[in-house]
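First the structure, in the form of structure tokens, and then the observations on it.
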Amino acid sequence: MDIKISTLGGEDAGKVELSDAIFGLDPREDILQRVVRWQLAKKQQGTHQAKGRADIARTGAKMYKQKGTGRARHHSARAPQFRGGGKAHGPVARSHEHELPKKVRALGLKHALSAKAKASSIIIVDDLKLAEAKTKALVANFAALGLSNALLIGGAELDANFKLAAANIPNIDVLPVQGINVYDILRRGTLVLSKAAVDALEERFK
């Protein structure tokens, strides 16, 4: 698959051939859903915690005698049915992570890249570099490329000026190539890859 390379200013900078094994697959929603679910579960803090009856500081003495009162049989005031008692079956602090095979994760990334390529929502730029960290100049460059909601993937090291200039622009995310992931690709409208990122991805999946 041949795709043209642009500069940040929107000018033509040649062509690059993208591997069909990475960018030319028929996207499968089930694989994408599994990877996104795994990512979001991994991000959950899991620090929610309710007090059970064992965590309540109330007396454990029997409330009243067993027989002769005409009332129901009760023991501890810490039981969930009483005001001030513990919560029955409440949330407890735990990890929400679950296992997902490495091969499925890798396949998910390929399918996410292929989905963007199939939707013509992928742009290749020669380099993500700026002479000065000026947000106004970068916004003008994005306007020339037609970007308003995008994920930009640079090489192994991001240009400091570019990263600073892009930090305050809404709906724009910038990541190094080792941080590329399915969730961020799918949540943004356009995927912008630098030439270095394309080379790194093809080397990774070789």
Side-chain angles (χ1 to χ4, degrees), residues 18-19 21-23 25-52 55 86-125 128 133 135 138-139 142 145 147-194 196-206:
L18 299 181
S19 170
I22 303 171
F23 296 92
L25 302 176
D26 192 23
R28 279 181 52 182
E29 291 182 4
D30 60 321
I31 291 177
L32 295 175
Q33 187 268 347
R34 284 181 69 186
V35 179
V36 169
R37 182 172 169 270
W38 171 78
Q39 277 190 248
L40 294 181
K42 200 176 171 70
K43 281 175 70 174
Q44 277 189 267
Q45 286 184 315
T47 52
H48 46 0
Q49 175 81 46
K51 285 188 176 183
D55 304 313
K87 174 93 174 155
H89 311 298
V92 293
R94 67 186 180 89
S95 170
H96 291 268
E97 289 185 46
H98 58 266
E99 293 296 321
L100 189 67
K102 267 187 182 178
K103 287 183 178 179
V104 177
R105 285 181 256 161
L107 193 59
L109 184 54
K110 289 181 184 178
H111 279 264
L113 293 168
S114 295
K116 288 297 181 189
K118 189 174 183 180
S120 300
S121 297
I122 194 166
I123 295 174
I124 310 296
V125 294
L128 298 178
T135 300
L138 190 56
V139 168
F142 287 166
L145 289 170
L147 300 178
S148 57
N149 186 306
L151 171 67
L152 294 97
I153 304 294
E157 293 290 332
L158 290 175
D159 179 57
N161 287 340
F162 186 90
K163 191 176 177 182
L164 277 173
N168 206 30
I169 305 176
N171 300 321
I172 296 291
D173 295 329
V174 181
L175 291 173
V177 68
Q178 58 268 31
I180 192 170
N181 64 86
V182 174
Y183 177 66
D184 282 327
I185 290 172
L186 297 180
R187 71 190 284 261
R188 293 297 177 208
T190 307
L191 176 63
V192 180
L193 297 172
S194 70
V198 172
D199 294 339
L201 286 169
E202 294 194 346
E203 180 65 31
R204 174 175 171 179
F205 291 120
K206 188 183 289 183

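Every heavy atom of this structure was used, including side-chain atoms; hydrogens, water molecules and symmetry mates were not. All values derive from a computational prediction rather than experimental measurement. Residues take their numbers from the sequence shown, with the count starting at 1.
- Residues Lys110 and Leu25 share a closest heavy-atom pair of CB-CD1, 3.7 Å.
- Taking Gln44 as the reference, nothing meets the side-chain hydrogen bond (donor to acceptor under 3.5 Å, both in side chains) condition, with sequence neighbours excluded.
- Here the closest non-hydrogen pair linking Ser114 and Phe23 is OG-C, 3.3 Å.
- Atom CD1 of Ile122 is separated from atom CG of Leu193 by 4.5 Å, given to the nearest 0.5 angstrom.
- For Ala196, the side-chain contact (heavy atoms from CB on, under 4.5 Å) test picks out Ser194, with sequence neighbours left out.
- Rounded to the nearest 0.5 angstrom, Asn168 CG and Thr135 OG1 are separated by 6.0 Å.
- Heavy-atom minimum distance, Pro27 versus Ala115: CG-CA, 3.5 Å.
- Under the side-chain contact (heavy atoms from CB on, under 4.5 Å) criterion, Ser148 pairs with no residue at all, not counting sequence neighbours.
- One finds the CG atom of Leu191 at 10.5 Å from the CG atom of Asp184 (value rounded to the nearest 0.5 Å).
- From Leu175, atom CG reaches atom CG of Leu158 across 7.5 Å, with rounding to the nearest 0.5 Å.
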Practice task
Starting from the C-alpha separation in whole Å, work towards a yes-or-no answer on side chain to side chain contact (heavy atoms under 4.5 Å, CB included) for Ile153 and Leu201.
Solution key: CA-CA 11 Å; Ile153 304 294; Leu201 286 169; 5.9 Å; no
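- Listed by first then second residue, pairs satisfying salt bridge (Lys or Arg N to Asp or Glu O under 4.0 Å) with a partner in residues 25-46 read Asp26-Lys118, Arg28-Asp30, Lys42-Glu97, not counting sequence neighbours.
- Legend: salt bridge (Lys or Arg N to Asp or Glu O under 4.0 Å) pairs involving residues 160-181, not counting sequence neighbours, sorted by first then second residue: Asp173-Arg187, Asp173-Arg188.
- The salt bridge (Lys or Arg N to Asp or Glu O under 4.0 Å) search around Lys103 returns none, not counting sequence neighbours.
- No donor-acceptor pair under 3.5 Å is formed between the side chain of Trp38 and the backbone N or O of Glu99.
- Between Phe142 atom CZ and Leu152 atom CG the span is 4.5 Å, to the nearest 0.5 Å.
- Taking the side-chain hydrogen bond (donor to acceptor under 3.5 Å, both in side chains) definition, one finds that Lys206 meets it with Glu203, sequence neighbours left out.
- Within 6.0 Å of NE2 on His89 lie no more than 12 heavy atoms contributed by other residues, nucleotides or ligands.
- For the atom pair Leu138 CG and Leu147 CG, the distance stands at 9.5 Å (nearest 0.5 Å).
- Scored by the side-chain hydrogen bond (donor to acceptor under 3.5 Å, both in side chains) test, Arg204 finds no partners at all (sequence neighbours excluded).
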Problem - Test log, rule side chain to side chain contact (heavy atoms under 4.5 Å, CB included), inputs Leu113 and Ile180 - result: CA-CA 10 Å; Leu113 293 168; Ile180 192 170; 4.1 Å; yes
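- Judged purely by atom type and a 3.5 angstrom limit, Glu202 has no side-chain atom pairing as donor or acceptor with the backbone of Leu18.
- Nearest heavy-atom pair across Asn181 and Gln39 is OD1-NE2, 3.1 Å.
- For Asp199, the side-chain hydrogen bond (donor to acceptor under 3.5 Å, both in side chains) criterion is met by Lys195, not counting sequence neighbours.
- In terms of heavy-atom proximity, Leu32 sits nearest to Gly108 at CD2-O, 3.5 Å.
- When the side-chain contact (heavy atoms from CB on, under 4.5 Å) test is applied to Lys51, the partners found at least two apart in sequence or on another chain are Asp55, Ile56.
- The salt bridge (Lys or Arg N to Asp or Glu O under 4.0 Å) search around Glu157 returns none, not counting sequence neighbours.
- Contact check for Ile185 versus Leu109: side-chain heavy atoms found under the 4.5 Å cut-off.
- The two atoms that bring Gly90 and Ala50 nearest to each other are CA-CB, 4.1 Å, heavy atoms only.
- By the side-chain contact (heavy atoms from CB on, under 4.5 Å) test, Asp159 is found to be paired with Lys129, Leu130, Asn161, Phe162, residues two or more places apart in sequence or in another chain being considered.
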